[in-house]
**Student:** 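Please see the structure below; I have some questions.
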Amino acid sequence: MDLKTWIDSVLKKLELHKDDDHHVLQTLKVEFRLVKTFLVCARLLNQQFYSLLGELGKGLPPPSALLQNRLHAHLYRLEVGLVPCAQHLYILLHRLEDGYGLLPSHLAGTASKFHQVVNSFKQEVTESFAKMSAESLNYASSPSRDKFMEFFHSLLENLEDILIWSKQACDSRLETLLEPLQEKLVFLNNFIRFSRMQGKDEHQLMEHFGGVAVSAAYLCYLCWFSRDDDRVFDGMDLKILELMEKIKPRDQQVSAAYIGILEFRSFTLSTNADMLIAGNFVDSLLSNLWDLLLNCGASFMVSLKHQMRILYEGLHLLRNILMKHRDKYNGLHERKKDLIGAVVNDAGVVIFSLYQNRIDEALAKEQDVKIFRLLEKIKLIKVELQGKYPATVRFNFPTTNELRFIDLLLENLTQLEICNVDPISFAKDRVEAVQNYRLFLESYLQKTVEHPTRYPNHEFENVKEDLVFFTSFLEDYMEQHKQHQNLQVQTLREDLIFLRSFLENTFEQCNQLEELQALCNHIIEVAYKAEFVIDSLIVGDISFYSLMLFHNVKEEIKLVKTKTLEIDDQRYLTKAKKATKSLRNVPSQGSISIINKVVVGLEDEAQAIMDHLIRGSKQFDIVSIVGMPGIGKTTMAQKLYRHPSITSHFHICGWCCISQVQCKKDWLMEILACIDQKAQYSEMNEDDLAEKLRKLLKKKKYLIVLDDVWDIEAWNALKGSFPDDDNGSRILLTSRHHELALSVKPTGKLHPLRLLTDEESWELLQKKLEITTEEGYPPALSVLGRQIAKKCNGLPLSIVIISGILATLDQVGWEEVAERLCSNMVGDTEQCKKILEMSYRHLPDHLKPCLLYFATFQKDQEIPIRRLVFLLIAELFVLNNEWKNPEKIAEDYIMALINRSLVMVGRQRSIGGVKTCSIHDLLHDFCVAKAKDENFLQLIQGYEEFLNFDEPDNLRRLCIHSQPKHFMKSRLFCSRIRSILFSACGRWRIEILNKLSFVFHLKLLRVLDLAQIFVGVEFPNEITILFLLRFVAVLGGMKNIPSSIANLTNLETFLVTTNCNSGKLLLPDSFFTMQKLRHLHVCGAWIDLSLAKDKLDNSSNLHNLCTFSTPQLYLGKTMDKIMTKFPNIHNLKCSLLESEESTGDSKTIVAMDLPSQLESLKLLLGNVTSHHLLELHLPFNLKKLTLEEFSWSIISTIAKLPNLEVLKLLQQVDGVEKWDMEEKEFPKLKFLKLENLNIVKWTGIGDHFPCLEKLVLEYCKKLEELPSCLVYISTLEWIEVHRCPDTVGSLVRDVKQELMNGGYLDLKILISEETEDTSSGPDSDSDSAAWSG
């Protein structure tokens, strides 16, 4: 066998080990493939050599002609040198395959020898490639074309093998160099195969790019064998770039070649292989269009760019049809199949026509018209698909808080009027372009009539349809825009108001009547369509497509309005009542058993509840068990219900599960069945049943369990049947709603259920496994079992579900569960879905999107409340309220979810309140699935999900947990997207996302969160043209923010994290024009406002700014002026610096009281305290104050603040050693932190700190005395001591002992010698934690 045959045999053996990532095997694969590619190339271009080489196989000596040609001599020596190595490796791989005890590592020696032999031929291979790239071959014959494709396929396999190797070896240089080349060669391969499929003259492409392919093969070879030689490797990027330019259609000759193959052609696909080829070609067109969108210059008109973006989405749809939904293609009418072929070819022509360095206005307008026609054709294909496959077309618009959405849409209409969109000018400007293209089509059509044999019939039909379309478009639509002087916004507003009223009035009925639900869905659908076109016009995307869409939306709204007017309200009301009654009479499906009868742990909780049930007052009482879903409320109730102490204490016990689909009758029958199981109650009505139960319970001591109560209505329906005879009767109620339990009886006993400990979790898992499997579990699995139990986070429901999975698995399966405990297996069980679905369905409309939004965060992530609040506001989930600011409303929403036990509290603030929160993994799984199902949000994790991701037509939000390069490679594009939340994974957090041009085309974005991706050392200018942005978070090394940031007139939250060396971030003076800005926070640098210093007199006040962190303020008049610019600020963190005007002053007034709404202030005083006696003026309503590098002289001012609740004194800079407090200081202070002070004696005898709850002492090395008033503070709960002398710890212990002697036992102390992370304790208000993502 010759060398190529041996190499093919070795590669087949290596393919059997493709899943083995052993380095030796992967390296062998790369190098054998490199040699194969070289040999296939040589075979293609040196037929003479291989015909002579055939003589060797007959045992004849090498002919002289073989050795006289230098190239032939190189090839001959390569054959002779490598065949023995290939033979030996084949034998070794065969032994490895047959299991002779050989390991992949045993191949290392032979592999190394093969590498050395191949490397020794580097010079000969280089010369051979150089000669072959200069050769030209006639590809007119079919065998030549087949051999070229074999070579090209081997080259692509080469690239793929090298890239796989580089990823495994973490060699980013190879990956960076070769991935772009791979993409261009894949495009070329797809184009050639597409041409061959249609029977076109692809040999022209082969002749044009034959040399390019040979050069690419050589560069691959050189990159691999020179990867350790920096001298060769460093110049490789320029060579590859030069090679890629020969493939790009920017060159006029290349572009003409591409267009010549595609122009006026179409195809019909007959096999799956053909569909795959066509789909791959469309994928390459998408790649080229993406490149155009990212790099199109000023010569591309706004309308052209807009329609290019819409075309991208349309081609994406066609690609999915051809590659993923071929059955749908096969079901289309033949004309529509022809239409797809025409669209693909015409799209290629348009895309390659736009690949020019400069495009004149006439050509731009012509392509604009062509794209518009393509979009209309794609729309026809979509309509056909929806008609053919109605079952697969679901309602794919978000259905959360629909009325709120229409309210926002009406606000957008007002903004559209302000924008003064001028369709008349656009229509007049484009009439000539449409007319010219129509004349061109008429001319082409005439040629097809005169020479019918030159043009296929389907091409004639396509052109004829195009001509009819443009004629109609000119006569009807363009003329219509000339007649109207505006967009008729007022009519549209009136129609939307009417439809909103209809939705509100039919809200209850539409969920019960299918016909009405369809109409309501249609209203929502057309509202979302209207939002898209309105916002597109607002941001300046005026094009044929947007104006046509606006016209179509108006007509569709009129049609929907007509349908609503045709409805007989009484008829639907009657149906609704019947449907409601029918729904309430659905028989009970029974409660969901969570852990069967297995109960472990929580003995302390159980005893406390039991005490309230069987002891205490004789009065009728209600005891409530509350907690999050799955925590075991029902289990606890069952445990108590069956306990002998309970059964012996009460005369009657009854149980009722308050299911949402049941009614009062069902509940009464369930309770009665517990009391008298033999009696029949089905024929009795509700009133008779209620009276029957009341009589049975009268004068009896009873316990009735009402399990899983969802709303107060259930209690109101049943309470009349529970007599109060002062005999110790009890109601045991379980609910996930704290407020509901309090509403039932505000003075009732409330028991929030805790999670299981690790030991209790393991005990529960053991017992469940013993019940589920007869033989239990092997003792060897105990370690794994403990790990799994711990990962369930103490939630009984999780443990129960996991036990059911583990019962069917062996040890390997247990290991997988331990590693992937948070997989969808846990959340996809029917029990979890039922519970969580029920909880979600019962939420008020305004809370549903807030809950689903938790899917944007990663599992187990502690979410800063402030950041979550900013996002909820930016997403427009927060309802307007003139009495409350939006931040307070958003916090109320989050607290409502916490009180419903759906959201878990994480860290708390210094004086109470929630600082971070999270949701359970099970709930996260549910939120992700529900958000996807309702098209509310899509979550993508990792590159595999990118590859398999089909963008929904109306995707609103995209949350990405991935590497930045995967995001860029994915070419995700959704013109309707409103939010992108991007977080990197693991070590990829620091990777630079250095190209944000794609963001420019997502013009409807409201939320852009790139806080975990390093975007570079310059602020991305692309962001500043996204006019609808309301929330922006970026991470980078930027030193300044461009003045164009003021373009973001809707921006409310701006979060910047920078690591610039200067430590300053220069803010432009245009910052003062951003009237909607509410929160500006910079982390990692101080904000420099020097650019605005000289323009303050003429700048506007920022009335909406609530949070400003971290500006540098210069003492004097400049600071006073700046402070007046933020009249309503609530939270300020700043640094004070000396200015020229303050240098000579010994006493300086620091007027921080000008913003009267200020509640939280952090001041870094720095050197100003050493040069000035500061007179600090603070607002009376200040609640939180942090002073850093301060002098003690200002303490007396602070002590008099009437509303101060939190005080942190950090790093005293003067030498004052005594703090003698005066009477009635700090009247409302709850939290006090003293750090790095020089105080020796801290005294205070009178009424001080009457409200103090927490005291933290840190690094107070001189402190020798604590005030005696501490032992009289009844509110004191916690004292922490860190890095202080032992004497301080002793003083604190003395305080605790004196309080205990006085009968106060609640004080907790924490004394540590080492530095502690106080963020986990009561002092956890650091800004970095509060703002971080």
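Values reported hereafter were calculated over all heavy atoms of this structure, with side chains retained and with hydrogens, waters and symmetry mates removed. Residue numbers start at 1 and run along the sequence shown.
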**Student:** Step by step, work out the side chain to side chain contact (heavy atoms under 4.5 Å, CB included) result for Asn1098 and Phe1072.
**Tutor:** CA-CA 10 Å; Asn1098 299 320; Phe1072 286 95; over 6 Å; no
**Student:** Compare all side-chain heavy atoms of Glu875 with those of Phe1031 and state whether any distance is below 4.5 angstrom.
**Tutor:** no
**Student:** Do the two ring centres, one from Tyr893 and one from Tyr853, sit under 6.0 Å apart?
**Tutor:** no
**Student:** Decide yes or no for Phe1226 and Ile1198: does some side-chain heavy atom of the first lie under 4.5 Å from some side-chain heavy atom of the second?
**Tutor:**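 In contact.
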**Student:** Please report the shortest heavy-atom distance between Cys1060 and Gly1037, naming the atom on each side.
**Tutor:**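 Taking Cys1060 first and Gly1037 second, the nearest heavy atoms are CB-O, 3.6 Å.
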**Student:** Measuring from Leu1299:CG to Ser1274:OG, what's the distance to the nearest 0.5 Å?
**Tutor:**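 Separation between the atoms: 9.5 Å.
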**Student:** CD/Gln1112 to NZ/Lys1064 distance, rounded to the nearest 0.5 angstrom?
**Tutor:**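 Going from the CD atom of Gln1112 to the NZ atom of Lys1064 covers 4.5 Å.
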**Student:** Run the numbers on Leu1255 and Leu1270 for side chain to side chain contact (heavy atoms under 4.5 Å, CB included), then give the verdict.
**Tutor:** CA-CA 10 Å; Leu1255 171 64; Leu1270 291 178; 4.3 Å; yes
**Student:** Check whether Asn1128 reaches the backbone of His1103 with its side chain - one donor and one acceptor, N or O, closer than 3.5 Å.
**Tutor:**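 Checked: pair present.
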**Student:** Any chance you could measure Asp1088, atom CG, to Leu1067, atom CG, to the nearest 0.5 Å?
**Tutor:** 8.5 Å
**Student:** Is the closest side-chain donor-acceptor distance between Glu887 and His1079 under 3.5 Å?
**Tutor:** yes
**Student:** Can you tell if the side chain of Leu868 reaches within under 4.5 Å of the side chain of Phe854, non-hydrogen atoms only?
**Tutor:**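 When only atoms from C-beta onward are counted, Phe854 and Leu868 do touch, with a gap below 4.5 Å.
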**Student:** Among Leu1102, Ile1041, Leu1091, whose side chain to side chain contact (heavy atoms under 4.5 Å, CB included) with Phe1071 holds?
**Tutor:**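 One option only clears the test, and that one is Leu1102.
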**Student:** Output yes when a side-chain donor or acceptor of Gln1075 lies under 3.5 Å from a complementary backbone atom of Asn1101, and no otherwise.
**Tutor:**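 Confirmed, Gln1075 side chain pairs with Asn1101 backbone.
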**Student:** Which label fits Phe1249 and Trp1242: parallel for a plane angle under 30°, tilted from 30 to 60°, or perpendicular past 60°?
**Tutor:**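 If you compare the ring of Phe1249 with that of Trp1242, the planes turn out perpendicular.
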**Student:** Considering the options Leu872, Val914, Val869, which one meets the side chain to side chain contact (heavy atoms under 4.5 Å, CB included) requirement together with Glu891?
**Tutor:**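 Per the side chain to side chain contact (heavy atoms under 4.5 Å, CB included) rule, the option paired with Glu891 is Val869, out of Leu872, Val914, Val869.
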**Student:** Is it true that atom CD of Glu1277 has more than 12 heavy atoms of other residues, nucleotides or ligands lying nearer than 6.0 Å?
**Tutor:** yes
**Student:** I need the minimum non-hydrogen distance between Pro1227 and Leu1201, along with the two atoms involved.
**Tutor:**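 Looking at all heavy atoms of both residues, the shortest contact is CD-O, 3.9 Å.
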**Student:** I'd like to check Asn1238 versus Trp1192 (side-chain heavy atoms, cut-off strictly below 4.5 Å). Are they in contact?
**Tutor:** no
**Student:** Met1038 and Leu1065: which non-hydrogen atoms are nearest, and at how many Å?
**Tutor:**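 Taking Met1038 first and Leu1065 second, the nearest heavy atoms are O-CD1, 3.5 Å.
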**Student:** Would you check if Lys1133 and Thr1186 make a side-chain contact, meaning some heavy-atom pair closer than 4.5 Å?
**Tutor:** no
**Student:** Using a 3.5 Å distance criterion without hydrogens, assess whether the side chain of Asn1181 forms a donor-acceptor pair with backbone atoms of Ser1156.
**Tutor:**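 It does hold such a pair.
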**Student:** Short question: side chain of Thr1110, backbone of Ala1085 - any donor-acceptor pair under 3.5 Å?
**Tutor:**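 Looks like yes, one N/O pair under 3.5 Å.
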**Student:** Are the side chains of Asn1131 and Ser1109 in touch, meaning some heavy atoms are under 4.5 Å apart?
**Tutor:** no
**Student:** Atom OG in Ser1100, atom CE in Met1074: separation rounded to 0.5 Å?
**Tutor:** 12.5 Å
**Student:** To the nearest 0.5 Å, tell me how far Leu871 CG sits from Ile863 CD1.
**Tutor:**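 Between Leu871 CG and Ile863 CD1, I get 10.0 Å after rounding to 0.5 Å.
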**Student:** Of the non-hydrogen atoms in Ala890 and Val878, which two are nearest, and what is the gap between them?
**Tutor:** CB-CG2, 3.8 Å
**Student:** Taking Ser1070 for the side chain and Ser1043 for the main chain, is one N or O donor matched with an acceptor at less than 3.5 Å?
**Tutor:** yes
**Student:** Side chains of Leu1132 and Met1152: does their closest heavy-atom pair fall under 4.5 Å?
**Tutor:** yes
**Student:** Between Glu1205 and Lys1228, is there a salt bridge with N-O shorter than 4.0 Å?
**Tutor:** no
**Student:** What's the shortest heavy-atom distance between Phe1190 and Leu1187, and which atoms?
**Tutor:**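 Distance-wise, the nearest heavy atoms are CD2-O, 3.9 Å.
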**Student:** If we count only N and O atoms by modelled type, under 3.5 Å, do the side chains of Lys1076 and Asn1104 hold a donor and an acceptor together?
**Tutor:**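 Per modelled atom types, Lys1076 and Asn1104 side chains form no pair under 3.5 Å.
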**Student:** Near Tyr1304 OH, under 6.0 Å, is it more than 12 heavy atoms from other residues, nucleotides or ligands?
**Tutor:**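 Enclosed.
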**Student:** Using the rule given for side chain to side chain contact (heavy atoms under 4.5 Å, CB included), can you reason through Leu1066 versus Ser1090, listing the C-alpha separation, both sets of side-chain angles and the distance that settles it, and then say yes or no?
**Tutor:** CA-CA 8 Å; Leu1066 190 62; Ser1090 58; 3.6 Å; yes
**Student:** Salt bridge or not for Glu1052 and Arg1030, using N-O below 4.0 Å?
**Tutor:** yes
**Student:** Out of curiosity, Leu1051 CG to Leu1080 CG, how far, rounded to the nearest 0.5 Å?
**Tutor:**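 Rounded to the nearest 0.5 Å, the CG-CG separation comes to 9.0 Å.
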**Student:** Side chain to side chain contact (heavy atoms under 4.5 Å, CB included) between Glu1264 and Thr1287: does it pass, once the steps are laid out?
**Tutor:** CA-CA 7 Å; Glu1264 296 177 357; Thr1287 54; 5.6 Å; no
**Student:** Is the count of non-hydrogen atoms from other residues, nucleotides or ligands lying under 6.0 Å from Lys1183 atom NZ greater than 12?
**Tutor:** no
**Student:** Please give me the minimum heavy-atom distance between Ala874 and Arg1006, naming the atom from each residue.
**Tutor:** O-CD, 4.1 Å
**Student:** Checking the side chain of Lys1125 only, and the main-chain atoms of Leu1096 only, is there a donor and an acceptor separated by less than 3.5 Å?
**Tutor:**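 Confirmed, Lys1125 side chain pairs with Leu1096 backbone.
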**Student:** Does atom NZ (Lys1296) have a neighbourhood of more than 12 heavy atoms from anything else shown, all under 6.0 Å?
**Tutor:** yes
**Student:** Is the closest side-chain heavy-atom distance between Ile1239 and Leu1234 below 4.5 Å?
**Tutor:** no
